[in-house]
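Notes follow once the structure below has been shown.
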Amino acid sequence: MFFDSNYLLFVLLPTMLISLLAQGYVRSTFGKWQRQRNSAGLTGRAIAQQIIRRTEVGDVRFERATQRSAAAAGVRVERGAGAFGDHYDPRSHTVRLSAETADRPSVAAMAVVAHELGHAWQHEVRSPLIQMRSALLPAVSLGPQLAFGLIFAGLLINLVGLIWLGIAFFGLVVLFSILTLPVEFDASRRGMILLRQAGLMQSTSDERGTRAVLRAAALTYVAAALTAVLQLLYYISMAQRRR
């Protein structure tokens with residue numbers, strides 16, 4: 001399928017372009033606002049602690065990945081490897097912050113922390129969207145490999161039914177990507193609310209930069225969803241041609 005001119009024109013080239021544009025915009029935006037100090041002068045870890053103290057987001061444990069710090073009594077802090085390793089783990093109700101976020105008093109760090117705490121808030125209120133996405137996780141973890149295997153096998157033995165079965169599994173991956181969009185947008189919206197409630201949005205620069213960073217981060221999920229949809233449409237057209 002990778003030597004099919006239709007795949008090249010309608011999937012590979014468009015997805016490469018979308019990915020390159022999204023990555024370029026994200027790096028440019030994050031680079032700009034990582035250099036800009038937030039008005040409170042607080043690191044990402046301090047921002048997180050302030051939000052927990054001043055809002056009702058709940059009891060969330062914080063980590064930075066690989067090295068323990070004795071400085072934070074009652075707060076588990078570990079330093080993570082690599083940039084952009086920040087994430088929220090709903091299984092342990094934990095926000096993990098990379099060193100770039102935890103230790104910098106930047107606007108970008110403030111935006112990232114607020115977004116991850118927005119996910120924690122979603123988890124606490126049992127957001128229907130995040131529950132639906134979580135329900136798809138077991139299928140999605142195996143979905144891509146199983147889908148590609150079935151599609152390839154169907155092409156190899158010329159069995160259209162097997163191709164359609166692979167397409168059905170890949171459809172779950174696409175559905176997960178689409179459901180991810182409102183989940184991420186809502187986490188950013190909640191993060192902005194938390195920053196305001198905590199009194200950390202102290203200047204127009206803070207607000208403008210936070211919105212820019214969150215918008216750039218959201219763009220990566222939009223790009224992933226578009227890529228998945230284009231692939232699904234190609235597989236469907238390929239199965240239809242095999243009739």
**Report entry** Joint cluster assignment, Phe148 & Met238, ILVMFWY side-chain distance < 4.5 Å
**Finding:** yes

Report task. Establish whether Tyr235 and Trp164 are linked, either directly or via other cluster members, by ILVMFWY side-chain heavy-atom contacts under 4.5 Å. Result -> yes

Report task. Could you check Arg215, Arg211, His115 and say which one makes a side chain to side chain donor-acceptor pair (under 3.5 Å) with Ser188? Result -> His115

Report summary line: Closest non-hydrogen contact found for Phe10 with Leu230 is O-CD2, 3.8 Å

Query raised in the report: Out of curiosity, does Leu13 fall in the hydrophobic cluster containing Leu233 (side-chain heavy atoms, cut-off under 4.5 Å, transitive links)?
Result: yes

Query raised in the report: In terms of ring plane angle, is the pair Tyr88 and His119 parallel, tilted or perpendicular, where the classes change at 30° and 60°?
Result: parallel

Query - Nearest-0.5 Å distance, CD of residue Gln122 to CZ of residue Arg190 - result: 5.5 Å

Query raised in the report: Any side-chain heavy atom of Gln36 within less than 4.5 Å of one from Met110?
Result: no

Query raised in the report: To the nearest 0.5 Å, how far apart are CD1 in Ile130 and CG in Asp186?
Result: 8.5 Å

Report task. State yes or no: do Leu155 and Leu12 share one hydrophobic cluster built from I, L, V, M, F, W and Y residues joined by side-chain heavy-atom distances below 4.5 Å, directly or via other members? Result -> yes

Query raised in the report: Is a side-chain donor or acceptor of Ser28 paired with a backbone partner of Gly24 at a separation under 3.5 angstrom?
Result: no

**Report entry** Test item: Asp86 side-chain N/O and Leu97 main-chain N/O as donor-acceptor pair under 3.5 Å
**Finding:** no

Requested in this report: Mind listing the closest non-hydrogen atom pair of Thr101 and Ala109 along with its distance?
Outcome: O-CB, 3.4 Å

Query raised in the report: Do Arg45 side-chain atoms and Ala102 backbone N/O form a donor-acceptor pair below 3.5 Å?
Result: no

Query raised in the report: Heavy atoms, side chains only, cut-off 4.5 Å: are Phe185 and Val222 in contact?
Result: yes

Query raised in the report: Between Thr220 and Ala216, is there a donor-acceptor pair closer than 3.5 Å when you use the side chain of the first and the backbone of the second?
Result: no

Query raised in the report: Cluster question for you: counting only ILVMFWY and a side-chain heavy-atom cut-off of under 4.5 Å, with indirect links fine, are Ile52 and Met192 together?
Result: yes

Query raised in the report: Salt bridge or not for Glu207 and Arg196, using N-O below 4.0 Å?
Result: yes

Requested in this report: Please confirm whether the backbone N or O of Thr15 pairs with a side-chain atom of Ser19, one donor and one acceptor, at under 3.5 Å?
Outcome: no

Query - Nearest atoms (heavy-atom pairs only) where Ala198 meets Thr55 - result: N-CG2, 4.0 Å

